[in-house]
Amino acid sequence: MGQRNFATAAALVLGLLSAGLATPALAQGPMAAAPAATYDGLKVTLCGTSGPLPIRDRAKACVAIQAGSDFYLVDVGPESTENLQAWRMPIAEAKAVFLTHLHSDHIGEVGEFNMQSWVAGRPQPLILVGPTGTDHVAAGFNEAYSQDHIFRNAHHEHGEVKLPIAAGLLKPQIVPTGPATSVVWKKDGLTVTAIAVHHDPVKPAYAYRFDYKGRSVVVSGDTAKWPPLATASKGADVLLHEAQNAQMTGMMVQGLKAMGNARMASVMADTVSYHTTPVEAADIARAAGVKRLVLYHLTQAGLPFYNPETFTKGMNDGGPLDWRLSKDGMTIELPAMSPDIKFGQLPG
Ligand SMILES: [Zn+2]
Ligand SMILES: [Zn+2]
């Protein structure tokens, strides 16, 4: 067990002790399964809300979606697995991870999440749904973690505790290329639809729409302003949309030039063509008629010059819209067959 894993496990045990719940069995599934008995619907948890730049209190792109007792992720950016563990999310119930595209800020912790959810008790391989190339990502992480899995299996599989190596693998499932939308998952009342978006030259790239018992959430992934996303998001309860303020990006480009870093200034300038501004995200949300817009994957949030008012300036100009900015730990509950939308916040 690595130092960080040890620290996480120690914190978990201390938490359980303080709650009077410290038995070995409760460290896995049953603790996590408890809320599902009293709640049915979709529950969204923002496990990573930053863009690709290093921000101390935000993990990279990650959205957890619980449908009934099943647990899913859309993207697993760096630092996000530790968030999930610190909040004691039911990662052993993970059925699939949906990758929007294969940029590193969206896939960096696929291997870590796969390993941690397997050790926590996941009894079957983790399905990795994503664009062409996802098979390479799955094979690469399986190879990189193969020795780790052998060691953990040899050390920890004894008595009642099983860690079958086959259950620790990632199994890729490629989204069909071509159609604007395609259903990629159907299980226990949940339907997940992949929506092709525009993140060129990263192609294909997808948003995902989750529909469960009359409730719906769309996660944009990375995209330039893309009207077909509005079409595919029609009437959704919640649209989670990425956001990058183009004027702030321009300031960053000028700053990098002034510092003599022409290379990073050029890289930064390139990013404007394949992201969406907050004002554009608001346009998409209005066109789709979604009930709530939540901005996530916020390129500038947390940087020294950032302030929310400047970042979101102009979002209200196009008409009424219920929107908000996210930070790590935001939760959204959508109870089955109900109009309710309840926001909450886990500790940072
Ligand atoms: Zn990204
Ligand atoms: Zn990207």
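Each residue takes its place number in the sequence, starting with 1. Each ligand, and each atom within it, is numbered from 1 in the order the structure gives.
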Using a distance-only test with no angle check, is there a side-chain donor-acceptor pair under 3.5 angstrom linking Y212 and D70? no
Taking the Zn ion (ligand 1) as the reference point, name the nearest N/O/S atom of D105. OD2
Specify whether F113 and F71 have parallel, tilted or perpendicular ring planes, treating 30° as the upper limit for parallel and 60° as the lower limit for perpendicular. parallel
Any N, O or S atom of D222 closer than 2.8 Å to the Zn ion (ligand 2): yes
Qualifying residue, where the test is salt bridge (charged side-chain N to carboxylate O under 4.0 Å, His left out) with E79 and the options are R58, K60, R56: K60
Give a yes/no answer: is there an N/O/S atom of H297 under 2.8 Å from the Zn ion (ligand 1)? yes
Hey, what's the ring geometry for H101 with H103, parallel, tilted or perpendicular (30° and 60° as the breaks)? perpendicular
Using the Zn ion (ligand 2) as the vertex, how large is the angle between ND1 of H103 and NE2 of H101, rounded to 10 degrees? 100°
Using 2.8 Å as the threshold, say whether any N, O or S atom from H106 sits that close to the Zn ion (ligand 2). no
Do you see a donor-acceptor pair shorter than 3.5 Å between the side chains of T249 and Q244? yes
